[in-house]
Protein chains: 2
Amino acid sequence: MNSKADILKTLGDQTRLRVVHLIAASRKSLCVCEIVDALKLPQYQVSKCLVMLRRAGLVEVDRNGTWGYYHPNLAERANVALFKFVMEYCAGEPFDLDVIALEKRLKLREKDKCVVGFVPEKELLKLMRKKGVDV
Amino acid sequence: MNSKADILKTLGDQTRLRVVHLIAASRKSLCVCEIVDALKLPQYQVSKCLVMLRRAGLVEVDRNGTWGYYHPNLAERANVALFKFVMEYCAGEPFDLDVIALEKRLKLREKDKCVVGFVPEKELLKLMRKKGVDV
DNA sequence: TGCTTATATGCTCATATTTGCATATAAGCT
DNA sequence: AGCTTATATGCAAATATGAGCATATAAGCA
């Protein structure tokens with residue numbers, strides 16, 4: 001079982017806090033590659049964060065083939081207050097910039113599903129134009 | 001400066017979380033020995049926790065001779081939400097038991113000031129009777 | 001001055017955590 | 001079957017942390 005202190009410890013790391021905040025802030029389940037692109041972090045770092053967040057009971061994953069969609073675990077009742085707090089406490093930089101980057105990246109979705117993998121920032125604009133999405 | 005993640009990391013330890021919760025839950029500034037007695041922890045552990053909590057900007061101390069009285073640092077605006085969350089999140093054991101033990105211990109105060117030092121649990125009841133405090 | 005008491009701190013060891021890289025897994029596609 | 005892609009994981013080195021104990025500081029008081 002995870003003690004409250006252990007859960008807070010899981011939040012007590014810049015990378016994990018950014019990931020958890022992004023997942024909490026987004027109203028959608030997020031694909032790993034979307035998180036990677038929004039946070040501009042190495043894929044393995046995000047993946048490891050997600051494992052820890054899952055073990056801490058903070059997020060859950062829906063798997064769809066090799067793709068994984070992460071969302072807050074609100075079945076755990078105590079998490080409701082926790083995510084509310086995280087959202088409030090993490091207002092401001094750099095967390096809000098992450099959300100902005102995510103929103104941009106989410107425009108590449110089709111039928112609200114992620115259809116591209118890792119997209120380096122340089123190519124993001126190109127891809128968006130190609131898709132006819134407003135930048 | 002303390003990042004939000006660093007502050008959460010400071011909370012991410014059972015001992016520190018108990019200390020911070022006790023200070024947040026109490027409506028008074030707490031003397032170190034009162035915290036030690038309520039939590040039944042070694043004095044050096046509590047002292048070290050308090051240093052860390054102070055460095056994290058979570059608590060402040062008023063010193064009165066050798067005695068130190070700790071209280072939440074609410075001057076830091078973000079802490080208001082944080083303490084509110086901690087109180088809500090830490091409802092239940094063992095945190096509420098700590099508060100009960102503290103309330104008992106606070107009955108030894110005179111004019112709302114701590115007047116005794118470390119009191120091992122066995123002697124607490126004896127002292128209370130001697131003082132004519134209702135147990 | 002010297003004793004007691006409240007609190008803080010230095011030190012050491014065991015253990016945990018972080019970071020980065022390379023690689024594994026496993027699904028979809030040709 | 002073989003290639004590509006999305007995601008996860010194992011490992012090793014560097015670093016950080018927590019527990020415990022002894023001791024320091026510094027104030028009040030005999």
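Chain naming here is simple, since letters A, B, ... match the order of the sequence lines and numbering starts at 1 in each.
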Are the side chains of A/V86 and B/L8 in contact, using a 4.5 Å heavy-atom criterion? no
Under the rule for side-chain contact (heavy atoms from CB on, under 4.5 Å), what residues qualify as partners of B/P42, not counting sequence neighbours? B/Y44, B/Q45
How long is the straight-line distance from CG of B/D37 back to NZ of B/K104, given to the nearest 0.5 Å? 12.0 Å
At under 4.0 Å between heavy atoms, what does B/V36 touch on the DNA or RNA strands: base, sugar-phosphate, or nothing? nothing
Other residues, nucleotides, ligands: >12 heavy atoms within 6.0 Å of B/R54 CZ: yes
DNA chain C contacts among residues 40-76 of chain A, heavy-atom distance under 4.0 Å: A/Y44, A/Q45, A/K48, A/G65, A/T66
I'd like to compare against my own output: the B/S/- annotation of nucleotides 12-17 of chain C with a strict under-4.0 Å heavy-atom distance to protein. -----S
Round to a whole Å and report the spacing from CD of A/E34 to C1' of D/dT5. 15 Å
Can you measure B/Q14 atom CD to D/dA19 atom P for me and round it to whole angstrom units? 10 Å
Hey, is CD on A/E88 packed in by over 12 heavy atoms from elsewhere, all under 6.0 Å? no
Considering only side-chain heavy atoms of A/D13, which listed nucleotide, D/dG18, C/dT18, D/dT7, is closest? C/dT18
Are any of the side-chain nitrogens in B/K28 or B/E34 under 4.0 Å away from the carboxylate oxygens of its partner? no
Please test A/R18 against A/C90 for side-chain contact (heavy atoms from CB on, under 4.5 Å), starting from the C-alpha separation and ending with a verdict. CA-CA 9 Å; A/R18 285 176 71 200; A/C90 296; over 6 Å; no
Please report, rounded to the nearest Å, how far the P atom of C/dT7 is from the CG atom of B/L39. 14 Å
Rounded to the Å, how far apart are A/D6 CG and D/dT17 C1'? 14 Å
Taking every heavy atom of B/A24 against every heavy atom of B/F83, the minimum-distance pair comes out as CB-CD2, 3.6 Å
